[in-house]
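To keep things clear, I will list the structure first and then write my remarks on it.
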Number of protein chains: 2
Amino acid sequence: MTASDHTGPVTLEQPAVETARETVADGIDRDALVTVFGRCTVEYDGRAASRLEAGDRHVMCKPDGTTLVHTDEGQQPVNWQPPGCSHEVYCEDDALFLESHRSTPEERLLVGFERVAQVSLFPISDSSDLTLVGTEEDLRQRILEDPGLLEPGFRPLATERDTPAGAIDIYGEDSVGRAVVVELKRRRVGPDAVSQLRRYVDALERDLHADASIRGILVAPSVTDRARGLLGEHDLEFVSLEPVGEG
Amino acid sequence: MTASDHTGPVTLEQPAVETARETVADGIDRDALVTVFGRCTVEYDGRAASRLEAGDRHVMCKPDGTTLVHTDEGQQPVNWQPPGCSHEVYCEDDALFLESHRSTPEERLLVGFERVAQVSLFPISDSSDLTLVGTEEDLRQRILEDPGLLEPGFRPLATERDTPAGAIDIYGEDSVGRAVVVELKRRRVGPDAVSQLRRYVDALERDLHADASIRGILVAPSVTDRARGLLGEHDLEFVSLEPVGEG
DNA sequence: GCGTTGATATCGAGG
DNA sequence: CCTCGATGTCAACGC
């Protein structure tokens with residue numbers, strides 16, 4: 001390893017299409033992150049089908065098989081292909097084509113550049129992990145470490161307890177020994193979460209052949225009006241709690 | 001307007017941080033799409049909180065306020081900020097900082113480059129619209145144009161019919177005049193869709209004070225085993241249909 | 001592979 | 001603004 005290994009990006013501006021093709025092919029071959037900017041059309045066919053007429057876009061091809069087509073607006077790419085695809089690049093009729101394909105499901109993305117304004121290759125290999133705080137897992141830990149946050153006398157007995165309807169976030173007992181199903185959400189909840197909790201409570205009642213009713217408690221920072229109504233209809237309860245303290 | 005307005009991308013390689021700052025600031029000011037590649041740390045604080053240690057990443061700032069931080073892997077950015085944020089750029093301790101901020105909710109993304117390998121400005125303004133086929137809306141149109149696809153004698157009466165639980169995709173009557181609630185899904189469905197349909201049927205029964213039971217039909221290409229079981233438990237029906245014909 | 005659920009989901013429509 | 005549901009959701013984890 002020498003200092004020359006720290007090669008920076010390679011950039012071509014306004015390249016001829018054949019030059020662009022060679023450079024992109026080389027980048028893909030060397031597992032570089034490749035970007036192409038220029039005027040292009042985009043076609044997708046697979047889980048759905050779409051077409052985008054000519055316009056200026058920024059295309060990124062990652063060594064893991066991802067392709068992203070970005071315009072000047074929006075967090076989401078206007079078109080894309082997920083990881084695991086194989087990239088191909090070729091010229092035809094004086095245009096540069098980037099094609100990204102996979103099976104299961106069968107889908108294909110084709111980007112055709114009538115004009116290439118820039119091609120860049122970025123040597124990149126990022127091993128750093130993101131540390132994230134404030135997830136549903138944090139909320140679970142918070143309750144397991146201090147079950148009294150749910151209600152005085154609550155005792156957790158299991159997490160991820162499986163039922164025919166799916167896994168229960170926290171299963172436990174209240175101060176008088178009644179079974180409790182706890183469903184956690186890291187943010188404000190709507191009707192879906194109530195239905196989900198109801199499914200778990202129903203499934204557990206069948207599982208346990210319970211004579212006494214099982215309590216269901218939804219834990220989240222807050223709840224919408226419609227969801228609160230559903231909670232009442234289904235005899236479910238709500239406890240307000242955030243994933244991190246002092247939030 | 002002259003031909004010189006068709007200025008291509010501006011690219012700097014291995015710029016000094018102050019030069020990079022000026023160029024990025026100029027790009028943001030001129031509503032260009034700005035990319036910065038180099039070794040950086042990333043901090044986020046808002047709906048959750050996260051930190052990413054130093055590594056090589058590709059950062060994109062869009063004129064609509066979006067920021068995206070991409071590594072060599074994954075379709076999703078490792079960190080980001082949604083549209084509507086304000087970009088800021090400054091130097092401190094010989095490092096280049098990109099800061100993206102918004103309120104409601106209060107959140108902030110800070111990218112600190114200890115080394116900038118490339119800065120690019122892309123002049124871009126894309127007006128082209130994506131045409132997409134194979135959506136839930138296509139499935140609805142397909143049934144409305146040929147209600148017999150659902151079952152012989154089905155008559156649609158309304159779409160988006162509102163109930164206290166939300167809007168029903170298609171409301172209609174079967175061949176003997178019974179009310180039918182139709183829930184559409186463009187792809188294979190799990191338990192959630194069954195619960196959703198059950199909510200709608202329940203809400204409509206209350207709304208209509210119906211003595212006769214209301215039928216609920218889930219329309220999708222296919223259904224998981226667990227969802228099929230739930231359909232049976234809840235007296236709901238399933239019809240297999242895809243968003244596009246000959247799919 | 002499929003099934004299920006979480007996510008800083010994102011996005012758009014509607015009130 | 002908030003609420004609600006679709007998405008070519010994506011991604012992780014379990015089976």
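The structure displayed is predicted, hence computed values, not measured ones.
Heavy atoms of B:Gln81 sit nowhere under 4.0 angstrom from any nucleic acid atom. Nucleic acid contact for B:Arg102: none, since no nucleic acid atom lies under 4.0 Å from a heavy atom of the residue. Contacts of A:Ala227 with the nucleic acid, taken as non-hydrogen atoms under 4.0 Å apart, are absent.
In this structure, B:Tyr200 reaches the D:dG5 phosphate: one of its side-chain N or O atoms is under 4.0 Å from OP1 or OP2. For A:Thr224, a side-chain nitrogen or oxygen approaches OP1 or OP2 of D:dC4 to under 4.0 Å. Contact annotation: B:Trp80 does not reach the phosphate of C:dA9 (side-chain N/O to OP1 or OP2, under 4.0 Å).
The pair A:Glu242-A:Arg188 does not meet the salt-bridge criterion, since no charged nitrogen lies less than 4.0 angstrom from a carboxylate oxygen.
Taken to the nearest 0.5 Å, the CG atom of B:Leu241 stands 15.0 Å off from the NZ atom of B:Lys185.
Under the salt bridge (charged side-chain N to carboxylate O under 4.0 Å, His left out) criterion, the residue pairs touching residues 57-72 of chain A are A:Arg57-B:Asp126, with sequence neighbours excluded. Evaluation of the salt bridge (charged side-chain N to carboxylate O under 4.0 Å, His left out) test over residues 38-49 of chain A, restricted to residues two or more places apart or in two chains, returns A:Arg39-A:Glu114, A:Glu43-A:Arg51, A:Arg47-A:Glu107. Screening residues 77-86 of chain A for salt bridge (charged side-chain N to carboxylate O under 4.0 Å, His left out) gives no qualifying pairs among residues at least two apart or on separate chains.
Across residues 131-139 of chain A, A:Leu132, A:Thr135, A:Glu136 each have a non-hydrogen atom less than 4.0 Å from an atom of DNA chain C (numbered order). Looking at residues 60-70 of chain B, you'll see that no heavy atom sits under 4.0 Å from any atom of DNA chain D. Within residues 180-193 of chain B, the residues that place at least one heavy atom under 4.0 Å from DNA chain D are, in residue-number order, B:Glu183, B:Lys185, B:Arg186, B:Arg187. Contact check of residues 228-237 of chain B against DNA chain D (heavy atom, cut-off under 4.0 Å) returns no residues at all. Of the residues in residues 36-54 of chain A, A:Tyr44, A:Arg47, A:Ala48 come within less than 4.0 Å of DNA chain D through at least one heavy atom, sorted by number.
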Between the protein and nucleotides 12-15 of chain D, are there any N/O to N/O pairs under 3.5 Å, and if so, what are the atom names and distances?
none

Write out a two-atom table: protein N or O, nucleotide N or O from nucleotides 11-15 of chain C, distance below 3.5 Å.
| from | atom 1 | to | atom 2 | distance (Å) |
| --- | --- | --- | --- | --- |
| C:dC11 | OP1 | A:Gln75 | N | 2.9 |
| C:dC11 | OP1 | A:Gln76 | N | 2.9 |

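A:Arg187 and A:Ala220 make their closest contact through O-CB, 3.7 Å (heavy atoms, listed as atom of the first residue, atom of the second, distance).
With sequence neighbours left out, the side-chain contact (heavy atoms from CB on, under 4.5 Å) criterion links B:Pro77 to B:Leu68, B:His70, B:Trp80. B:Ala165 pairs by the side-chain contact (heavy atoms from CB on, under 4.5 Å) definition with B:Thr163, B:Arg199, B:Tyr200, B:Ala203, not counting sequence neighbours.
Taking the P atom of each, D:dT7 and C:dA7 are spaced 22 Å apart, rounded to whole Å.
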